[in-house]
Amino acid sequence: MDKKKEKQEEEEKRTSSLPARARMMLTRPVQEATPAAKEAFDPRRCSTTEGYWAYNWTKRLPYTDQTCPFVDRQISCQRNGRPDSDYLYWDWHLDGCTLPRFDPAAVLEKLRGKRMLFVGDSLQMGQWLSFVCLVNSALHYSARTMERTTTLSVFTATEYNATIEFYWAPFLVEANSDRNIRLGAGGRVLHVDAVELHAKHWEGADILVFDSYVWWMSGSRIKAVWGAFGDDGYEELDAWVAFRLGLKTWANWVDANIDPNATRVFFMSISTTHMRSEDWGRDGGIRCYNETWPITRRGYWGSGADRRMMEVMSDVVGRMRVPVTLLNVTQLTEHRADAHVSVYTETGGELLTAAQRADPRAHADCIHWCLPGVPDTWNQILYAHL
């Protein structure tokens, strides 16, 4: 069969799987993706929170979880058997500006001779893997290397003498669970005024991208210690209070150690979760399980992103001496109940069994995101700021 005809039939098959009313609704946003009235992206004037998701059936994916060898099995939804693929073909459009496409060749030039470091939790790891896969799509397989450890992982674009790295620090500050994630919330103690053990790995980076949120939300109270006190001398604090203390410790380190003329610093806002299907009007639903369509209600905000934590994040970053760009991806993420890994993931290093998949109430993961997916849009916004 002719390749052009084969591609056309594939696209028709994908769009025909959508309800007829939805197909009609989706033609308009795609046509309006780059209207003449929109300005070129300027981070000083363009809001990344004001916009809409539009289905783009002509979209060419820059990578898949099969073409990019670095995607972890935990977030390889298609490879893990997810039967639908519509979630892959949505683009985030800004109301007032045109968000540029991620250009891997331009990014590699920007990173020539530089070190870029993502720091945070497993959601940040997903964003790092997305960034690596987007860049990798422009590299020959012999022109890159990857070294991964439980603490620091390094992707190197050898021809550009550039590294894109990830460092594991889910709280940014130190915690007794940093190297023992199975400790659980009950045994976890945070050293809210200590960051040096982690921060020594951040020195010398040209671009730093931080995130920290979801681990703080494992309970309403957090065990915290100060100074030389051991883990037994903890005090229990409200999560938002501990978050403010920890974030201030991180901010103080950045202000004292980062030269803004040499290093760009970014902080990712909350990656929302979708634990209550009632939030978006799906009574009787089971969290994000079997969701195949974004939440279309303009300005939707559910229970998966804590506004008080957002305020703490914005307040601490806003008071810093070193300029830190807070990339607000929370609103666009709120709409994407359809793009989580759900039951197409692993637990304890093993793929969910058929029996486990049949019990989404116990096993659906509505925190992490499929790759390709939503983290690609975060990186599109990051690229626009670079």
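Under the 4.5 Å side-chain criterion, counting only non-hydrogen atoms from C-beta, Thr347 is in contact with Leu352. Side-chain contact between Leu327 and Thr325 is present, with at least one heavy-atom pair separated by less than 4.5 Å. Taking 4.5 Å as the limit, some side-chain heavy atom of Phe266 sits within range of a side-chain heavy atom of Leu386. Ser269 is listed as a side-chain neighbour of Met313, based on a closest heavy-atom distance under 4.5 Å. For the pair Trp369/Leu123, a side-chain contact is recorded, criterion being any heavy-atom separation below 4.5 Å from C-beta on. You'll find the side chain of Asp65 stays beyond 4.5 Å of the side chain of Leu371, heavy atoms only. Taking 4.5 Å as the limit, some side-chain heavy atom of Ser85 sits within range of a side-chain heavy atom of Gln78. Leu208 has its side chain within reach of Trp202: a pair of non-hydrogen atoms, C-beta onward, lies under 4.5 Å apart.
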### Query
How far apart are the C-alpha atoms of Met146 and Val132, what are their side-chain angles, what is the distance that settles it, and do they pass the side chain to side chain contact (heavy atoms under 4.5 Å, CB included) test?
CA-CA 10 Å; Met146 173 71 91; Val132 164; 4.1 Å; yes
### Message
Before you tell me yes or no, could you show the steps for Arg308 and Asp306 under salt bridge (Lys or Arg N to Asp or Glu O under 4.0 Å), namely the whole-Å CA-CA distance, both residues' side-chain angles and the distance that decides it to 0.1 Å?
### Response
CA-CA 6 Å; Arg308 179 178 277 184; Asp306 189 292; 5.8 Å; no
### Message
Pair Ser277, Arg287 - check side chain to side chain contact (heavy atoms under 4.5 Å, CB included), show working.
### Response
CA-CA 5 Å; Ser277 55; Arg287 302 201 289 277; 5.9 Å; no
### Trp53 and Trp90: CA distance, side-chain angles, deciding distance, ring pair (Phe, Tyr, Trp, His ring centres under 6.0 Å) verdict
CA-CA 6 Å; Trp53 287 99; Trp90 292 87; 7.5 Å; no
### Query
Does the ring pair (Phe, Tyr, Trp, His ring centres under 6.0 Å) test come out yes or no for Tyr167 and Phe118, once each step is laid out?
CA-CA 6 Å; Tyr167 180 81; Phe118 290 80; over 10 Å; no
### Task
Show your working on side chain to side chain contact (heavy atoms under 4.5 Å, CB included) between Thr263 and Asp206 and close with a plain yes or no.
CA-CA 4 Å; Thr263 303; Asp206 300 282; 5.6 Å; no
### Task
Would you sort out whether Arg73 and Glu346 count as a salt bridge (Lys or Arg N to Asp or Glu O under 4.0 Å), showing the intermediate values?
CA-CA 7 Å; Arg73 187 165 66 169; Glu346 65 178 15; 2.9 Å; yes
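Minimum interatomic distance between Gly299 and Gln331 (heavy atoms only, all atoms of both residues): C-NE2, 3.7 Å. Taking all atoms of both residues into account, the shortest heavy-atom contact from Gln124 to Val209 is NE2-O, 2.7 Å. Nearest heavy-atom pair across Gly304 and Tyr213 is O-OH, 3.8 Å. Closest of all the heavy-atom pairs between Val173 and Gly246 is CG1-O, 3.4 Å. Nearest heavy-atom pair, Lys38 versus Asp95, reported as atom, atom and distance to 0.1 Å: CE-O, 3.4 Å. The shortest heavy-atom contact between Met217 and Met309 is SD-CE, 3.6 Å.
Of the possible donor and acceptor atoms, none in the side chain of Arg336 sits under 3.5 Å from a partner among the backbone N and O of Pro294. Although no hydrogens or angles enter the test, the distance criterion places a donor-acceptor pair under 3.5 Å between the side chain of Thr249 and the main chain of Val192. Using modelled atom types, no side-chain atom of Asp72 and backbone atom of Ile75 make a donor-acceptor pair closer than 3.5 Å. Remark: the backbone N or O of Cys97 is not paired with any side-chain donor or acceptor of Arg45 at under 3.5 angstrom. Between the side chain of Thr345 and the backbone N or O of Gln74, at least one donor-acceptor pair lies under 3.5 Å. Judged by distance alone, the side chain of Asp365 and the main-chain N or O of Ser342 form no donor-acceptor pair under 3.5 Å. Looking at Asn136, its side chain never comes within 3.5 Å of a backbone N or O of Ala138 through a donor-acceptor pair. Using a distance-only test at 3.5 Å, with no hydrogens or angles considered, no donor-acceptor pair links the side chain of Asn176 to the main chain of Leu190. Checking side-chain atoms of Trp92 against main-chain N and O of Thr48 turns up a donor-acceptor pair under 3.5 Å. Side-chain atoms of His191 do not come within 3.5 Å of backbone N or O of Asp193 as any donor-acceptor pair.
Defined by atom type and a distance below 3.5 Å, a donor-acceptor pair is present between the side-chain atoms of Trp280 and Glu291. Checked by atom type, the side-chain pair Ser130/Asn379 shows a donor-acceptor distance below 3.5 Å. Between the side chains of His274 and Asp338, no donor N or O sits under 3.5 Å from an acceptor N or O. Side-chain contact, Tyr63 with Asp376: a donor N or O sits under 3.5 Å from an acceptor N or O. Side-chain contact of Asp84 with Thr292: a donor-acceptor pair under 3.5 Å is absent, judged by distance alone. Between the side chains of Trp216 and Ser212, at least one donor N or O lies within less than 3.5 Å of an accepting N or O. For the residue pair Arg115 / Thr163, no side-chain donor-acceptor distance below 3.5 Å is found, with atom types taken as modelled. Thr149 and Thr151 are not linked by any side-chain donor-acceptor pair at a separation below 3.5 angstrom, with hydrogens and angles left out of the test. Side chain to side chain, Ser122 and His368 meet the donor-acceptor criterion of an N or O pair below 3.5 Å.
Heavy atoms of other residues, nucleotides or ligands lying less than 6.0 angstrom from NZ of Lys248 number 12 at most. Within a 6.0 Å radius of CD in Glu147, no more than 12 heavy atoms belonging to other residues, nucleotides or ligands are found.
For residues 354-364, the side-chain hydrogen bond (donor to acceptor under 3.5 Å, both in side chains) pairs, not counting sequence neighbours, are Thr353-Gln356. Residue pairs meeting the disulfide (SG to SG under 2.5 Å) criterion with at least one member in residues 343-386, sequence neighbours excluded: Cys77-Cys370, Cys288-Cys366.
Using cut-offs of 30° and 60° on the angle between ring planes, the pair Phe155 and Phe70 is perpendicular. Using the six-membered ring where Trp is involved, Trp293 and Tyr55 have ring planes that are parallel, under 30° apart on the 30 and 60° scheme.
Ring pair Phe41/His385: centre-to-centre distance below 6.0 Å. Aromatic pair Trp168/Trp215: ring centres closer than 6.0 Å. The aromatic ring centroids of Trp250 and Phe171 lie 6.0 Å or more from each other.
Linking Ile, Leu, Val, Met, Phe, Trp and Tyr residues whenever their side-chain heavy atoms come within less than 4.5 Å leaves Tyr344 and Leu61 in two separate clusters.
The CD atom of Glu334 lies 5.5 Å from the CH2 atom of Trp301; values are rounded to the nearest 0.5 Å.
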